[in-house]
Amino acid sequence: MKRNYVLHAWGKDFHWEGTGQMSIKTFRGGRALYEANGGYYSVEGNRYLLVNEGEYSLHIEEKEPVESFCLFFRSGFSSEVSRSLEASQDQLLTDPFKPVGEDGFFEKTYYIGPHLEERLRLTKQANLNRELEESFYPVMEAILADQTTIPQELERLSSLKRSTREELFKRLILANEYIRAYCQTALTLEDIARVACLSANHLLRTYRQLFGVTPKQHLLLYRMESAKRLLKESSTPYTEMAYDLGFTSSASFSRSFRQHTGLSPRQYFKKGDF
């Protein structure tokens, strides 16, 4: 399909795999797991996944229906919008339909900031009113704005030529997304290194350069974020919650939670400071 379009649906048990256009994926009320180009991604709540054109798979398995709102972009659309922002007025007037290069972003999940959230809200409204065409442009502008921080992140990987930094950045992103997607499981450093196609020592040394923490520290941070969300949104017993989060006992869960927040899970819940 060579046009921009939207998929807006609800489902709690769904699997799909195939080839798709460049797209962004958002989900409310649960999470979706994606596999694309060797990467594993968890998409939920306040994040969106940006994937390039190609093969990928989607899996949803939740107790309640999850709302999915995904935008698909025609080939060349992101480059066309990017040129309209970067070229001078003279250049745009002289050659308004100049062919642009191939589309392509770093595939990863991004935080949905207030600007993009508003653009997505308007697109959802436009979808209901069948007035979609114009709404895709400001959404792509917001996505391109999110890309402006990437060069600064690349600079953290110092003393390397640009092409090497970009390749290492891609692999470290694979490691980070894998940790975030499967933080509830007993991941080892070797598991994470294998997904990133890096040796364990190379991963450990460069991961800290980019993220400021080690893979294991990030794993624990993501577990704590999940724990806070569960304490806020569910009535799951603490012991069951501990095992769901990948801890071997409620005692180890409580100890880690207290080290992270200064409170036990029960105290945190009673305080209600969400």
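Since this is a predicted model, take the numbers as computed values, not measurements. Heavy-atom basis, side chains included; hydrogens, waters and symmetry copies ignored.
Once rounded to the nearest 0.5 Å, the distance linking CG of L144 with OG of S84 reads 8.5 Å. With values rounded to the nearest 0.5 angstrom, T164 atom OG1 is found 10.5 Å from L157 atom CG. Note that CD of E35 is 9.0 Å distant from CD of E17, once rounded to the nearest 0.5 Å. Taking CD of E62 as the start and NZ of K12 as the end, the distance is 11.0 Å to the nearest 0.5 Å. In this structure, L203 CG and L172 CG are separated by 6.5 Å, a value rounded to the nearest 0.5 Å. L231 contributes atom CG, which lies 12.0 Å from atom CD of Q267 (distance to the nearest 0.5 angstrom).
Side chain to side chain, Y56 and K25 meet the donor-acceptor criterion of an N or O pair below 3.5 Å. In summary, the side chains of T214 and R208 do not present any donor paired with an acceptor at a separation below 3.5 Å, with no hydrogens or angles considered.
A search for salt bridge (Lys or Arg N to Asp or Glu O under 4.0 Å) contacts involving R180 returns E44, E177, not counting sequence neighbours. Take H115 and apply the ring pair (Phe, Tyr, Trp, His ring centres under 6.0 Å) test, not counting sequence neighbours, and it matches no residue. Evaluation of the side chain to side chain contact (heavy atoms under 4.5 Å, CB included) rule for T236 yields S234, E240, M241, D244 as partners, not counting sequence neighbours. Under the salt bridge (Lys or Arg N to Asp or Glu O under 4.0 Å) criterion, E107 pairs with no residue at all, not counting sequence neighbours. Partners of R156 by salt bridge (Lys or Arg N to Asp or Glu O under 4.0 Å), not counting sequence neighbours: none found. Every side chain to side chain contact (heavy atoms under 4.5 Å, CB included) that H8 has, sequence neighbours left out, goes to V6, W10, E67, F69, K124, N127. In terms of the salt bridge (Lys or Arg N to Asp or Glu O under 4.0 Å) criterion, residue partners of E117 (sequence neighbours excluded) are, by chain and number, R28. In this structure F247 satisfies the ring pair (Phe, Tyr, Trp, His ring centres under 6.0 Å) test together with F253, sequence neighbours excluded. Evaluation of the ring pair (Phe, Tyr, Trp, His ring centres under 6.0 Å) rule for H202 yields no partner, not counting sequence neighbours. Contacts of I150 classified as side chain to side chain contact (heavy atoms under 4.5 Å, CB included), with partners at least two apart in sequence or in another chain: F106, Y110, Q147, E153, L154, F169.
Counting heavy atoms from C-beta on, the side chains of Y40 and Y182 come closer than 4.5 Å.
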Acceptor/donor pairs from residues 218-227 side chains to any protein atom, 3.5 angstrom cut, sequence neighbours excluded:
unit_1	atom_1	unit_2	atom_2	d
H218	ND1	N176	ND2	3.4
H218	ND1	Y207	OH	2.7
Y222	OH	N176	ND2	3.0
R223	NE	C183	O	2.6
R223	NE	L245	O	3.1
R223	NH2	C183	O	3.4
R223	NH2	T185	O	3.0
S226	OG	Y222	O	3.1

Would you list the atom pairs, donor with acceptor, under 3.5 Å between side chains in residues 132-141 and any protein atom, with sequence neighbours excluded?
unit_1	atom_1	unit_2	atom_2	d
S135	OG	L132	O	2.7

- Item | Step-by-step ring-ring contact (aromatic ring centres under 6.0 Å, His included) determination, Y268 to F257 | CA-CA 9 Å; Y268 183 86; F257 195 88; 5.2 Å; yes
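Other residues, nucleotides and ligands contribute only 12 or fewer heavy atoms inside 6.0 Å of the CD atom of E55. Heavy-atom neighbours of E61 CD from other residues, nucleotides or ligands within 6.0 Å: at or below the threshold of 12.
With hydrogens and angles disregarded, no donor-acceptor distance shorter than 3.5 Å links the side chain of E86 to the backbone of R83.
Note: F77 and F73 have parallel aromatic rings, judged against thresholds of 30 and 60 degrees for the angle between ring planes.
Contact detail for V66 and G29: the closest heavy-atom pair is CG2-O, 4.0 Å.
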